[in-house]
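Note that the structure is predicted; figures quoted are calculated from it, not measured. Read the numbers this way: they start at 1 and go in the same order the structure lists the ligands and their atoms.
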Amino acid sequence: MTQPVLIASERGEVGLAAGMAVLRGRGGAGPGRAMDAVEAAIRIVESNEEDHYVGVGGLPNLIGEVELDASIMDGATRRAGAVAAVTGFPHPISIARAVCDLLPQHVMLVGAGAERFADEAGIARGPTLTEEARQMWQDGLTSSGLADAGTRHGPGEVSYRRKVLERIATMPPPAGSWGTVNVLALDAAGNLAAGVSTSGYPWKYPGRVSDSAVIGAGNYCDNRAGAAACTGRGELAIRGGTARSVLVRLAAGDDPAQACAAALRETADLPDEFRSPLQCLCLTPDGRHGGAATNAGATYAVMTAADDDYRVVERRRA
Ligand code: ASP
């Protein structure tokens, strides 16, 4: 039997106890599955209204709608499910899981189709925009002189919004330690799973899809090499195929932190006028883990089945 391990990006620690309860096995049930642990842990993060980058309380897009992205991947089968630009559902990770389990002919659903499928799968609808998040969204626009960005309609709307996006790109990231959540799990049977959930960039263009929903970019998992996931500048992770790159480096013999740093370095030369930090994490089938970030001071949380609580580990600077 393998010792179960869970790791999570910053702010994911709130879900680790719930995920570990699954891996240990609740109420006399045998040890649980990595896929179930990832979903359980991420659902807790999605419910945390103080986290303004994930689930309920996530900051809205340019027109004031909370659009959520999520994905989950099973290392045993390399089956995956992903959803993007979902509105009106607080737990996109559970929609992604349902795509993986119930719709094996597809991997990714977006927008109205994802919402239709979620209804059919019996996944609960619920509010996602909190008053605090709405106010932060409004304050960000007002302080940039863009107060009517979300409400302006009519001729010129598209070019106006383009200008708004250019201005928004120059706004500093919102203060506070928020971000997309990554949870990677290794279960007692030796199977890996990776999950990611995000509300994406605040004020993003409606319909923008982050790396968090793109298998190979923000999420990848394969029992033969490891599980990896990203946070930060999603467009760079998509262009660099970052999560998959981490696994290629692991398979080539890098240790986890080296593999993450090497994958991030592959994005360093990409031209990007909106560049901001990018981070990644990985977990191997023998329980080793590591992380890297292009910014200083980044960390992640780890909990094994032998631990009473999580501990925080520094990421390597890429
Ligand atoms: N990766 C997310 C995105 O591109 C953002 C983040 O993690 O900060 O929307």
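A side-chain hydrogen bond (donor to acceptor under 3.5 Å, both in side chains) with Tyr300 holds for exactly one of Glu13, Glu314, His289; it is His289.
Set against the non-hydrogen atoms of Ser210, the atoms of ligand 1 under 4.0 Å away are 3 (C), 4 (O), 9 (O). Less than 4.0 angstrom separates some heavy atom of Gly234 from each of these atoms of ligand 1: 4 (O). Listed by atom number, the atoms of ligand 1 under 4.0 Å from Thr231 heavy atoms are 7 (O).
A donor-acceptor pair is defined here as one N or O able to donate and one able to accept, closer than 3.5 Å; such a pair exists between the side chain of Arg24 and the backbone of Ala305.
Taking only non-hydrogen atoms, the option from Ser276, Gly218, Gly232 nearest to atom 1 (N) of ligand 1 is Gly232.
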Side chain to side chain donor-acceptor pair (under 3.5 Å), that's the test. Do His91 and Glu39 meet it? Break it down for me.
CA-CA 9 Å; His91 293 298; Glu39 184 183 356; over 6 Å; no
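Every pair tested for salt bridge (charged side-chain N to carboxylate O under 4.0 Å, His left out) that includes a residue from residues 180-195 fails, sequence neighbours excluded, so the list is empty.
At least one N or O atom of Thr180 sits closer than 3.5 Å to an N or O atom of ligand 1. In terms of polar-atom proximity, Gly200 is not counted as a contact of ligand 1, lacking any N or O under 3.5 Å from an N or O of the ligand. For ligand 1, the polar-atom distance check finds an N/O of Asp211 within less than 3.5 Å of one of the ligand's N/O atoms. Considering both main-chain and side-chain atoms, Arg208 comes within under 3.5 Å of ligand 1 through a nitrogen or oxygen pair.
When side chains are defined from C-beta on, Asp222 counts as touching Tyr220, because their heavy atoms get closer than 4.5 Å.
Comment: Glu273 does not engage Arg275 in a salt bridge, judged by the lack of any side-chain N to carboxylate O separation of less than 4.0 angstrom.
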